[in-house]
Amino acid sequence: MEEQKKRIMLTGDRPTGRLHIGHYVGSLRRRVELQNSNAFDECYIMIADTQALTDNSGNVQKVRDNVIEVALDYLAAGLDPNKVTIFVQSRVPELFELTCYYLDLVTLSRLERNPTVKSELQMRQFGESIPAGFLCYPVSQAADITAFDANIVPVGEDQAPMIEQCNEIVHKFNSLYGETLTHANIMLPENEASRRLPGTDGKAKMSKSLGNCIYLSDDEKTVTNQVMSMFTDPTHLRVEDPGHTENNPVFIYLSAFATDEHFKKFLPQYENLDALKAHYERGGLGDVIVKRFLAQVLNDVLTPIRERRKQYEADIPGVYKMLEEGSLKAQAKAHETVMRVRRALGVNYFEDRKLIEKQSKAFKKKLAEEEARKAYLAKKNK
Ligand code: TRP
């Protein structure tokens, strides 16, 4: 099939909050590079509002408000709607038709074994009240991916079990109903620091509820304050003490963000991060100097992002229009896949002329036979 040879990228985010610098180094920065690399025939970025609703049914306003926030963060980070199709999941209902068919190819116990879902369930403490939609969201994610024939899915490590489960569904579907769906490949973030940026408090993950995030939309002062109060090396008590750079969030952030240019611009007494690290580890380098540098680096990276965001914030109707157009475009693509899937499953009743003709003939024959039998009996009983 022509389509299968295309390089198609799809990824997305749940709109449950503004995006932070962890999202930026973990995925957004890469997406912008990929978009500009021209390595793909088609790129889709999805705002997964339906998936967000699976554990926010009592909090729809949060999801509703964050669709626009995430769209603004995308545009601010440099995603270009002329190069990528940005769309809203719920506005492509074809995805839900696919989800329903795929649900029949997955067992409950397989869903319960999905490691990402397992840990999310634990975190959310649903107890006995797990929403069925939440447990099944990996299936709807398989629909998201396959609807676009996406063969490249750039996501974080935590999403690997989703891609695996998607491919199991693809395999099962194709072996039952013939080659129809495309296998997906995960594309992980390139470097270690970008894979999981810790919170400013040193906790493993940035999370809104912990208040340990730096948002893309935070202003300069907020970023500086957050950085100056960051957790560092607890054994580095006096400036002259040797310090640890490993597991030190300030240095992890620097390795994700600081370039040699940043050193030239803000801290020319060090050539690069290795030189700065060596001094910190040797002792004699205070946290304040390192933090001040990190604040400058972050603000340098975030300034153009903030400026672009402001421009888009001034035209909210335009941003919604962009999302609407993207969703229509996505819908057209997903519709092609749905038609293919309907044909493979044999639920394409109305377009299947041959089926209609064949059944029409068979029923006519049956009716004629019944008529003949009736006539025969009537004659016999006379
Ligand atoms: N589960 C993803 C997340 O929480 C969001 C998502 C939904 C997604 N559908 C997707 C990512 C399809 C990649 C492909 O971040």
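All values reported here derive from a predicted model rather than from experimental measurement. Atoms within a ligand are numbered from 1 in the order they appear, just like the ligands themselves. The figures here come from the full heavy-atom set of this structure, side chains too, leaving out hydrogens, waters and symmetry mates.
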Under 4.0 Å from one or more heavy atoms of Leu10, ligand 1 contributes atoms 12 (C), 14 (C)
Heavy-atom nearest neighbour in the protein, as seen from atom 13 (C) of ligand 1, with distance rounded to 0.1 Å
Val155 CG1, 3.6 Å
salt_bridge(Asp218, Arg18) N-O dist < 4.0 Å:
yes
Numbered atoms of ligand 1 (with element) below 4.0 Å of Ala48, judged on heavy atoms:
7 (C)
Below a 4.0 angstrom heavy-atom separation, can you tell me which part of Met46, side chain or backbone, both or neither, approaches ligand 1?
side chain
Heavy atom of the protein closest to atom 15 (O) of ligand 1 (residue, atom name, distance)
Gly12 O, 3.9 Å
Taking the basic N atoms (NZ, or NE/NH1/NH2) and the acidic carboxylate oxygens, is any pair closer than 4.0 Å for Lys277 and Asp274?
no
Starting from atom 9 (N) of ligand 1, find the nearest protein heavy-atom neighbour and note its residue, name and distance.
Asp144 OD2, 2.8 Å
Polar-atom distance check: Tyr137 versus ligand 1, any N or O pair below 3.5 Å?
no
Glu371 with Lys374: basic N within carboxylate O range, under 4.0 Å
yes
May I have the list of side-chain donor-acceptor pairs in residues 320-330 shorter than 3.5 Å, sequence neighbours left out?
from	atom 1	to	atom 2	distance (Å)
Ser327	OG	Val88	N	3.1
Ser327	OG	Leu323	O	2.7
Lys329	NZ	Thr85	OG1	3.4

Purely on distance, is any nitrogen or oxygen of Thr11 under 3.5 Å from one on ligand 1?
no
Nearest to atom 8 (C) of ligand 1, what protein heavy atom do you find, and at what distance?
Gln141 NE2, 3.4 Å
Under 4.0 Å from one or more heavy atoms of Val153, ligand 1 contributes atoms 13 (C), 14 (C)
Is there a donor-acceptor contact under 3.5 Å linking the side chains of Asp80 and Gln35?
no
Using a strict cut-off of less than 4.0 Å between a Lys/Arg side-chain nitrogen and an Asp/Glu carboxylate oxygen, indicate whether Lys221 and Asp219 qualify as a salt bridge.
no
Nearest to atom 1 (N) of ligand 1, what protein heavy atom do you find, and at what distance?
Gln51 OE1, 2.7 Å
Side chain to side chain donor-acceptor pair (under 3.5 Å) for Glu120 and Tyr137? Distances and angles first, verdict last.
CA-CA 12 Å; Glu120 284 175 325; Tyr137 89 73; 2.6 Å; yes
Decide, yes or no, whether a salt bridge links Asp300 with Lys265 under the criterion of side-chain N to carboxylate O below 4.0 Å.
yes
Specify side chain, backbone, both or neither for Gln159, according to which of its non-hydrogen atoms lie closer than 4.0 Å to ligand 1.
side chain
Regarding Ser140 and Gln51, do their side chains bring together a donor and an acceptor under 3.5 Å, going by distance alone?
no
Nitrogen or oxygen atoms of Arg14 and ligand 1 under 3.5 Å apart:
yes
